[in-house]
2 protein chains.
Amino acid sequence: MSHPTPLARLEPGESLTERTYEALRDAILHNALPPGTALSVPSLARQLNVSRTPVREAVQRLIHEGLARHETHRGAQVSAVDIEDLRQLYLVREMLEGLAARLAAERLDADALAGLRGILDEHEEVLAAGGDDAAHIDLDMRFHRRLRDIAGNPHLAAALEPIAGRSHMALHSLWRAEEAPRLALEEHRRIVDAMAGGDPALAEEAARQHISRLRVRLSRSTPRGPQDRDAEAADRVAGSEGARPEGTGGGAPA
Amino acid sequence: MSHPTPLARLEPGESLTERTYEALRDAILHNALPPGTALSVPSLARQLNVSRTPVREAVQRLIHEGLARHETHRGAQVSAVDIEDLRQLYLVREMLEGLAARLAAERLDADALAGLRGILDEHEEVLAAGGDDAAHIDLDMRFHRRLRDIAGNPHLAAALEPIAGRSHMALHSLWRAEEAPRLALEEHRRIVDAMAGGDPALAEEAARQHISRLRVRLSRSTPRGPQDRDAEAADRVAGSEGARPEGTGGGAPA
DNA sequence: GGGCGTCATTTTACATGCAATCTCGCCCTG
DNA sequence: CAGGGCGAGATTGCATGTAAAATGACGCCC
């Protein structure tokens with residue numbers, strides 16, 4: 001059996017456009033269509049056995065969300081998220097995940113808490129079973145997606161979704177099953193604990209620190225860092241309780 | 001001369017899809033297509049003298065950015081941003097505008113500063129000349145858009161753009177040329193002053209307070225506010241210098 | 001007179017046609 | 001053998017065709 005297409009068959013349900021979009025999106029986020037892959041509309045249409053129209057619309061949606069890039073008369077290709085992109089993405093994510101955690105903490109109920117804990121437990125199992133990178137990234141995505149669902153602010157979710165998506169894309173090429181996954185899980189736990197403890201401000205701070213540390217680890221793993229010095233220091237020092245509400249913080253006043 | 005269409009003629013330049021999108025977007029943001037207006041693809045195509053394809057794609061883009069809503073087999077219509085939406089939008093905007101102001105302050109150069117000050121001056125003139133709501137809203141949009149351009153983070157700009165767009169849509173139905181425009185201008189000035197003073201943290205705080213106060217004024221003008229009490233108090237007290245970096249802030253730790 | 005089924009119209013969602021444009025490999029030239 | 005131009009094929013961008021579905025008006029029956 002040959003594998004001319006890495007795309008999952010379209011699942012039944014919504015419109016063709018919607019299903020095509022989801023198939024492509026999942027393929028990209030799971031790295032089945034790695035960055036740089038050309039997204040030729042006619043070719044995808046043939047592979048998925050649909051006409052070009054829904055594929056075209058799905059690809060445009062991907063472009064809007066930044067999962068693909070577009071050049072006139074040259075078509076689309078899966079975005080490459082480079083280190084600088086990721087750094088900038090994390091700056092935005094830090095604010096938004098913090099807000100999401102705060103709102104989610106304010107609205108937390110038993111079901112929501114159980115759902116989050118369930119994801120954490122699954123995550124723990126995956127890590128214990130030996131690190132499967134893809135599985136870890138998937139659980140990371142599910143955790144954060146669940147969190148913003150609980151937050152109950154659709155505008156926040158809409159803003160955060162593409163940013164989180166692009167962040168996760170980059171992980172496929174950056175994470176080599178080191179310590180990072182375990183650190184991430186620990187930090188997820190800290191967020192959930194703050195939420196369960198009924199402390200929205202602490203939850204916000206924990207979520208911000210989580211992203212902030214991802215950014216710092218990124219800086220460490222790459223020999224670029226100009227002004228990342230102080231951030232690294234903050235990461236080394238920061239305890240588990242909400243230190244400065246500033247999280248990343250700008251420089252001191254002139 | 002009859003006005004069968006409130007849509008500006010398509011401006012020459014980019015692709016038809018792009019120009020159609022911009023025409024529709026501007027019409028919505030300037031309230032030429034008020035919330036609830038049906039966006040029938042064939043009808044718009046006739047009015048704009050293009051085929052349905054570019055119109056369809058433009059409408060989908062609007063939907064994606066939240067300027068229009070979509071129901072299956074029922075087409076799209078211009079979104080209605082209600083009070084609750086606006087409150088939730090402001091929560092997100094507060095974080096993002098704060099980040100934008102901080103980043104912009106860090107990257108500020110003479111040109112950028114002159115550009116911002118120019119907008120402020122124009123704004124002052126408009127207010128002095130007597131309040132034209134539409135002109136004010138337009139300048140407000142231009143100010144914030146310029147700010148995020150200066151910030152130089154495309155991911156932030158992409159996240160903020162639709163949120164700011166929807167926020168501004170709502171103003172058409174909410175602002176009745178009272179004190180709000182002047183307050184907004186004063187707060188814009190405070191942001192720019194902090195940036196000019198080389199204080200990114202203060203700029204961030206000023207931007208957050210700006211949005212936070214918009215939200216509080218919103219709560220005051222509508223008899224809803226459940227937990228807005230403390231926010232109103234904060235607004236009354238807050239001085240011009242960066243008080244708590246928290247801005248809106250959650251409660252104290254348990 | 002009011003509720004209900006029916007039908008015409010309109011629209012969406014998808015399919016396909018087509019010209020202009022781009023890419024890329026091949027061949028010709030020096 | 002290197003370099004440049006050329007042409008074949010593929011792709012984009014836009015236009016249009018079409019079945020299925022929804023809406024709303026109309027008339028009919030009770």
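We name chains A, B, ... by the order of the sequence lines, and we start the count at 1 in each one.
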S.K.: How many whole angstroms separate atom CG of A:Leu39 from atom C1' of D:dT12?
M.R.: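 Between C1' of D:dT12 and CG of A:Leu39: 14 Å.
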S.K.: Under 4.0 angstrom, heavy atoms only, what part of the nucleic acid is B:Thr17 near: base, sugar-phosphate, or nothing?
M.R.: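 Answer is sugar-phosphate: B:Thr17 comes under 4.0 Å of backbone atoms only.
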S.K.: Could you check whether any side-chain N or O of A:Arg166 sits under 3.5 Å from a backbone N or O of A:Pro162, counting only pairs where one atom can act as donor and the other as acceptor?
M.R.: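 Looks like yes, one N/O pair under 3.5 Å.
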S.K.: Starting at CG of B:Asn49 and ending at C1' of D:dC14, how long is that distance when rounded to a whole Å?
M.R.: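 Rounded to the whole Å, the gap is 14 Å.
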S.K.: CG of A:Leu44 versus C1' of D:dT12: gap in Å, rounded?
M.R.: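 Atom CG in A:Leu44 sits about 14 Å away from atom C1' in D:dT12.
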S.K.: I need the single residue from B:Val78, B:Leu86, B:Ile137, B:Asn31 that forms a side chain to side chain contact (heavy atoms under 4.5 Å, CB included) with B:Met169. Which is it?
M.R.: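 Of all the options given, the one that passes is B:Val78.
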S.K.: Between B:His70 and C:dT11, does any side-chain N or O lie under 4.0 Å from OP1 or OP2?
M.R.: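 So the side-chain polar atoms of B:His70 never come under 4.0 Å of the phosphate oxygens OP1 or OP2 of C:dT11.
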S.K.: Looking at C:dA13, D:dA22, D:dC14, which one has an atom nearest to any side-chain atom of B:Ser15?
M.R.: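 So the nucleotide nearest the side chain must be D:dC14.
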S.K.: Indicate, with a heavy-atom threshold strictly under 4.0 Å, whether B:Thr53 touches base, sugar-phosphate, or nothing.
M.R.: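 The residue B:Thr53 makes base contact.
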S.K.: Main chain of A:Ile150, side chain of A:Arg107: is a donor-acceptor contact present, judged purely on distance under 3.5 Å?
M.R.: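 Looks like yes, one N/O pair under 3.5 Å.
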S.K.: Can you work out whether B:Val41 or A:Ser51 has the more 5'-proximal nearest nucleotide on DNA chain C?
M.R.: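 With B:Val41 and A:Ser51 compared, the 5'-side residue is B:Val41.
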S.K.: Write down the distance between CZ (A:Arg56) and P (D:dA15), rounded to a whole number of angstrom.
M.R.: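 The distance from CZ of A:Arg56 to P of D:dA15 comes to 11 Å, rounded to the nearest Å.
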S.K.: Tell me which nucleotide among C:dC14, D:dC14, C:dT11 gets nearest to the side chain of A:Leu16.
M.R.: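 From the listed options, C:dC14 comes nearest.
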S.K.: Using modelled atom types only, decide if a donor and an acceptor are shared between the side chain of B:His64 and the backbone of B:Gln60 within a distance under 3.5 Å.
M.R.: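 Flag not set: sc B:His64 to bb B:Gln60 has no pair under 3.5 Å.
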S.K.: If I take atom CD in residue B:Glu57 and atom C1' in nucleotide D:dA15, what distance separates them, rounded to the nearest angstrom?
M.R.: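 Computing the B:Glu57:CD to D:dA15:C1' distance gives 12 Å.
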S.K.: With a 6.0 Å cut-off (strictly less than), is the heavy-atom count around CZ of A:Arg25, excluding the residue itself, greater than 12?
M.R.: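 For A:Arg25, atom CZ is crowded (more than 12 foreign heavy atoms under 6.0 Å).
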S.K.: Rounded to whole angstrom units, what separation is found between the CZ atom of B:Arg52 and the P atom of C:dT11?
M.R.: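 After rounding, the reported distance stands at 11 Å.
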S.K.: Could you state the atom-to-atom distance from CD of B:Gln77 to P of D:dA22 in whole Å?
M.R.: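 One finds 17 Å between P of D:dA22 and CD of B:Gln77, rounded.
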S.K.: Given atom CZ of B:Arg74 and atom C1' of C:dT11, what is their separation to the nearest angstrom?
M.R.: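 B:Arg74 atom CZ is separated from C:dT11 atom C1' by 12 Å.
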